[in-house]
Amino acid sequence: MMATSNLTRYTPSSPLGLFEPLRALEELLRDTGMEPFWPSTELAAGIRMDIQETEQAYQIRADMPGLKKEDIKVAVDGRQVSLSAQAEQGGQGEQGGMLWRERHAGQWQRSFTLPQEVDDSQAAARYEDGVLHLTLPKKAGTGGTRLTIQ
């Protein structure tokens with residue numbers, strides 16, 4: 001007989017949850033004490049972030065908890081911004097007494113395109129309390145134009 005954990009993972013239901021069969025199977029396996037043999041869907045969820053636009057810049061807050069700032073890479077090329085990080089899982093050989101494991105090692109990556117080019121010479125990045133803060137000033141003269149329809 002296999003012992004199972006008394007801990008239950010709570011995931012609020014959402015309409016998108018209906019389209020995540022792999023996550024449901026992963027949770028079923030974990031509830032029965034087994035580990036899935038594929039990369040975790042937690043990593044597949046990607047980097048969660050907020051992007052705010054002002055007249056001068058884009059302000060980005062990206063949740064990247066449990067990482068060291070040395071493990072995070074930010075690349076800016078015109079309007080394209082790419083975030084990536086590599087997380088190591090310590091103590092893999094120490095399985096004794098482990099009741100539940102949700103922290104995973106792996107690689108996160110996310111790229112997106114902004115509406116206007118970034119002045120990369122003025123761009124700044126700061127990592128604090130598990131959140132990456134980016135200030136990406138807009139490059140002057142690259143905002144495009146709006147045409148008046150006649």
Quick check for you: to the nearest 0.5 Å, what is the distance between Asp63 atom CG and Arg48 atom CZ? 8.5 Å

Using only atom types and a distance under 3.5 Å, with no angle test, would you say the side chain of Tyr58 pairs donor to acceptor with the backbone of Gln116? yes

Let me check something: any side-chain donor-acceptor pairs from residues 119-135 under 3.5 Å, sequence neighbours excluded? List them with distances.
{"residue": "Asp119", "atom": "OD1", "partner": "Ser121", "partner atom": "N", "Å": "3.4"}
{"residue": "Asp119", "atom": "OD1", "partner": "Ser121", "partner atom": "OG", "Å": "2.7"}
{"residue": "Arg126", "atom": "NH1", "partner": "Glu128", "partner atom": "OE1", "Å": "2.5"}
{"residue": "Tyr127", "atom": "OH", "partner": "Met64", "partner atom": "O", "Å": "2.5"}
{"residue": "Tyr127", "atom": "OH", "partner": "Leu67", "partner atom": "N", "Å": "3.4"}
{"residue": "Tyr127", "atom": "OH", "partner": "Leu67", "partner atom": "O", "Å": "3.1"}
{"residue": "Thr135", "atom": "OG1", "partner": "Gln59", "partner atom": "OE1", "Å": "3.1"}

Between CD1 of Ile47 and CD1 of Ile72, what distance do you get to the nearest 0.5 Å? 8.0 Å

List in chain and number order the residues that pass side-chain contact (heavy atoms from CB on, under 4.5 Å) with Gln56, two or more places apart in sequence or in another chain; answer none if no residue qualifies. Thr54

Sub-4.5 Å side-chain heavy-atom contact between Gln80 and Ser111: yes

In Å, rounded to the nearest 0.5 Å, how long is the span from CG of Leu83 to CH2 of Trp108? 13.0 Å

Can you pull the side chain to side chain donor-acceptor pair (under 3.5 Å) pairs that have at least one residue in residues 64-79, sequence neighbours excluded? none

